[in-house]
Amino acid sequence: MLALPLAATDVGIFQGFNNSLFAKRFEWAPRQATGNVIFVAIDKHSLDAVGTWPWPRSIYATVLDKLNASGARDVFLDVDFSASSSKEEDDRLAAALNRAGGGVLLPVFRQQEAASSSQTAVTRPIPLLLQNAWPAFANVAMDADGIVRRFDLGSQLDGNPTQSAASALGRIDSSSGSLLVDYSIRPDTVPTFSLSDVLNGSVPAEAVRDRSVVVGASATELKDIFPVPVYGAIAGPLLHVLAAETLLQNRFLRTLDQAPLELLFAVLLIVGVICARSTGIITMAAAGLTVVIVGEIGAFVLQWQYGLLVGTAVPWSMLLLAWMLALSERVDLGQMLVTIANTEARNTRRLMRRIIADSSDGVVAFDGDLRIVEASESAKALLRVGIGASLLDSADAAIIGILQRLVSEHDAEPNRIHTALADFTGNGGSHAAHYEASITISPTEQTTAARSRRFAGCLIIRDVTARREYEQRLKTLSERDDLTGLLNRREFAFRLAAIEGEVLVSVLDIEHFPSLCATLGHDAGDELLKAVAARLGSAFADDLLARLDGDHFGIATFKTDEPSIDDFADGLLRLFEEPILLRGAVLPVSVRLGIARSGDAAPSALPAAAESALIAVKASPGRRWSSFDPSTAVRQARSRRLERDMRDALQNRQFFLLFQPQIEFRSGRLVGAEALIRWNHPEFGLISPAEFIPIAESSGLICDIGRWTLFEACTEAAAWPGELSIAVNVSALQFERSDIEADVRDALSCSGLPASRLCLELTESAFLGQGGVSITKMRALRDHGVVIALDDFGTGYSSMSYLADLPLDKLKIDQSFVRRMNGNPNIFQIVGAIISLAHGLNLVVVAEGVETDLEAEALHRLGCETGQGYLFGRPDEALRMLSKWNVEKRLSAKV
């Protein structure tokens, strides 16, 4: 008791107990923040609003301007500016700091130069930013238990005393030492605003005027979170706010050296125990409890009213020791402990016998002679032995072998515990039962009376029949398709990998299976899959069969002779010439095959190779089967790679536009250009639109790519002279699936391009499938002022029945007609008829693919207004295209 006051200060358990009591007292006497310091949080809403991190420094410049405009007294930007950004961004922030007039604090941090070094260095903002701002230390110090309880008032920076952010915001002059944070000040009473609200101007000026502002991160993903008492964890900037509030409210928390008082208390307790030997133990306990209650109330009042932190862990520990001292003077502890130990030993033996006897598992306790000392009823029934019998005479051969091995190991290392597991099979009635035996041999203390008992052992036998059957069922489920009972894809590939020798793998799918399911129902589709699996099982009973996924089935056979592949494919297709009886109806079924054999790929990859061949079959109407073709697989892999990379290409600015001029035949002047998209892949280089546009359409990415093209083309054309138009191709899928009207309105609004200078080029496929809806969209676009052109006229359907109903302004003759018209009179007449027809419908005609002067002259004679092709220029960058035609780009239009 006398040693505790002197030694407990360095003992973590007492410090932790005192810290917990301090935190509880803070919690019991909460305080409101003064409101003189507000917190502007970089929260998740702010991160989502800006959309990137780290933020451009111009955003902080905007925040500073808005806070200063609202009358903020001073601002602490708790953001690391120690690295340079772009010059433009740094200059904008420096200008904002200059406008703030020196009312901004920027953080500096003192940290170790290396992980194993004791030398420290100061990390500070770049000099450009410090020219018009004050440095303030923003270090957060943790106690040994990782909790933040203190804050520094400042430190030395380049030999000059420099305040911390808390002391500067708390309006004190000191810049050395540290103070405790008053965690009775509730963080939720600190005025807090989202930084996005400051940016959009929704924070009233009255909330900021004449107040200090701390700007910093509170979003969890930014990881500026620290553990604190009472509140668990709070954001680092909010920690600076609470420290400043501690100073503003004059809560200078302090502790005192309690050792002399605690020594006096220990002496009083010892004297009290000696003098109160006749007092009852209950009375003494009540007196001690009263002392604890009064002491805690006093400590609470001192902390609440006067900021004095009193640790009571040591006094109460001494009080407990005093009570134990009083108890030991009244009770013979030695005799009591012996009695308790004997009682517990007897109870333990009775309990163990009961547990062993009633255990559902077979439990056997045996001695050093391997004779049974205790055994449960289930063990007696299983081993058919009783207590006193030898395990060697009754146990299974596997158990006997392990017992003998464990005894030998014990003889070699008698001071260790030895254990082992054994499995054996017994008779469970109608079927075999599986058992698992755990055997443990433990050393025992040697006595003169029992020298032969070198160890004690335990045998536990558990019936694992149900578990083994369950594991077998799980194994079957993991290997088999639950609908058809065939192997699944993973097990199919696994077994293929284990096959030695040549193997032929086929992948089969059912034609029009999704349509059949949609028509007959998914239950009928499941029955059809089971019928197909049954038919395959009857024909390939000795081969590997699998349902790979959906309506794809895999077959692995050893019929690998070169001439037999055709016969094998024909035979497999003939297998389904006979219709399948499904729900009382006859259903014709047609299948397609992809085939791969050893040598085409690794054994486990043969299903993928066969599926590649199947994809090639699906892409060729009329074909029923195909063998694996490496070149086709390479093309498919390239397409899959391009589709995967295309998702990032827009964000990484890999797409770009080229522009092909459109020339008026009559005057020979530039009247516009068509925007043509290109893809500069980082690995494959330039990729033709003819390759990536179909991939984009099949994957649905064409809408995003088309929207980007529209915005980029309008933005570029807005910088051209006012008479030049821009033509943009719109995919049929984009026209159908996206809100093309909203996209056009947004593109024109963002770029400032007049609607009359935008021409959307559509092919016939944009309205053949759903003419009414498409025509409505086209009319809405024309009403907005956009020019609509029918592209590639002369190809596809080119039906006259719809041409008169379409709201068109231009008609583009396909280049296949232009290139052949001078050498083919029939084509020449067709081109003339198209031009006459277009003029009759008041449409402007644009001819594509003009490559020679002869073609241009013929088109001009026929009345075609505009030409486009290599004769006038290949697709090129806008600036070079305009320079070639002596057109100056209006740079001011982009501003």
Side-chain angles (χ1 to χ4, degrees), residues 621 660-676 688-690 693-694 725-732 735 759-771 774-775 778-779 782 786-875:
Q660 189 170 34
Q662 295 177 338
I663 307 302
E664 185 180 63
F665 285 124
R666 179 176 57 82
S667 62
R669 67 184 180 88
L670 179 70
V671 294
E674 180 179 359
L676 301 171
S688 169
I693 291 297
S725 64
I726 184 69
V728 180
N729 289 286
V730 178
S731 164
F735 196 79
C759 176
L760 298 183
E761 296 187 356
L762 307 173
T763 59
E764 300 164 2
S765 56
F767 44 81
L768 286 178
Q770 46 173 4
S774 298
I775 291 174
M778 293 168 69
R779 291 190 191 281
R782 284 193 75 207
V786 176
V787 178
I788 305 295
L790 179 61
D791 196 12
D792 297 337
F793 187 79
T795 62
Y797 297 95
S798 300
S799 173
M800 302 301 167
S801 62
Y802 63 76
L803 193 58
D805 298 328
L806 295 178
L808 297 172
D809 299 290
K810 292 183 180 181
L811 186 146
K812 297 190 73 174
I813 302 175
D814 186 69
Q815 59 184 345
S816 61
F817 286 91
V818 174
R819 292 175 181 173
R820 293 187 294 156
M821 67 178 186
N822 284 327
N824 190 327
N826 293 332
I827 299 297
F828 186 86
Q829 293 298 325
I830 291 174
V831 173
I834 292 173
I835 295 173
S836 298
L837 174 65
H839 289 163
L841 296 174
N842 296 320
L843 303 180
V844 175
V845 180
V846 180
E848 295 180 306
V850 181
E851 297 187 353
T852 65
D853 291 327
L854 189 62
E855 293 170 353
E857 182 181 353
L859 289 167
H860 182 40
R861 288 200 314 269
L862 291 173
C864 180
E865 290 90 344
T866 309
Q868 175 183 338
Y870 286 175
L871 176 63
F872 309 113
R874 293 176 177 271

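Contact annotation: the side chain of Arg666 never approaches that of Glu865 to less than 4.5 Å [non-hydrogen atoms, C-beta and beyond]. Counting only heavy atoms from C-beta outward, the side chains of Leu670 and Phe872 never approach each other to under 4.5 Å. Contact check for Asn729 versus Thr763: no side-chain heavy atoms found under the 4.5 Å cut-off. Within the 4.5 Å cutoff, side-chain heavy atoms of Val831 are placed close to those of Leu859. Proximity of Asp791 to Glu848: side-chain heavy atoms (C-beta onward) are separated by under 4.5 Å at one or more points.
Ala858 and Phe828 get closest at one heavy-atom pair: CB-CE1, 4.0 Å. Nearest heavy-atom pair, Ser774 versus Phe735, reported as atom, atom and distance to 0.1 Å: O-CE2, 3.7 Å. Between Val818 and Gly849, the shortest heavy-atom distance links the atoms CG1-O, 4.0 Å. Heavy atoms only, all atoms of each residue included: Pro694 and Pro689 are closest at CD-O, 3.7 Å. Scanning all heavy atoms of the two residues, the minimum distance from Pro875 to Leu676 falls at CG-CD1, 3.5 Å. Pro807 and Arg779 get closest at one heavy-atom pair: CG-CG, 3.7 Å.
Taken to the nearest 0.5 Å, the CG atom of Leu808 stands 12.0 Å off from the NZ atom of Lys810. With rounding to the nearest 0.5 angstrom, the CE atom of Met821 is 11.5 Å from the CG atom of Asn824. Between the CG atom of Leu841 and the CG atom of Leu811 there is a distance of 8.5 Å, given to the nearest 0.5 Å. Rounding to the nearest 0.5 Å gives a distance of 8.0 Å between CD1 of Ile726 and CD of Gln662. Here the CG-CD distance, from Leu862 to Gln829, works out to 8.5 Å after rounding to the nearest 0.5 Å. Atom CZ of residue Arg820 and atom CD1 of residue Ile827 lie 4.0 Å apart, to the nearest 0.5 angstrom.
Partner Val850 forms a side-chain contact (heavy atoms from CB on, under 4.5 Å) with one of Ile813, Ile663, Leu871 and no other, that one being Leu871.
Of the possible polar contacts, none joining the Glu857 side chain to the Asp853 backbone as a donor-acceptor pair under 3.5 Å is found.
For Gln660 and Glu674, the side-chain atoms include no donor-acceptor pair closer than 3.5 Å.
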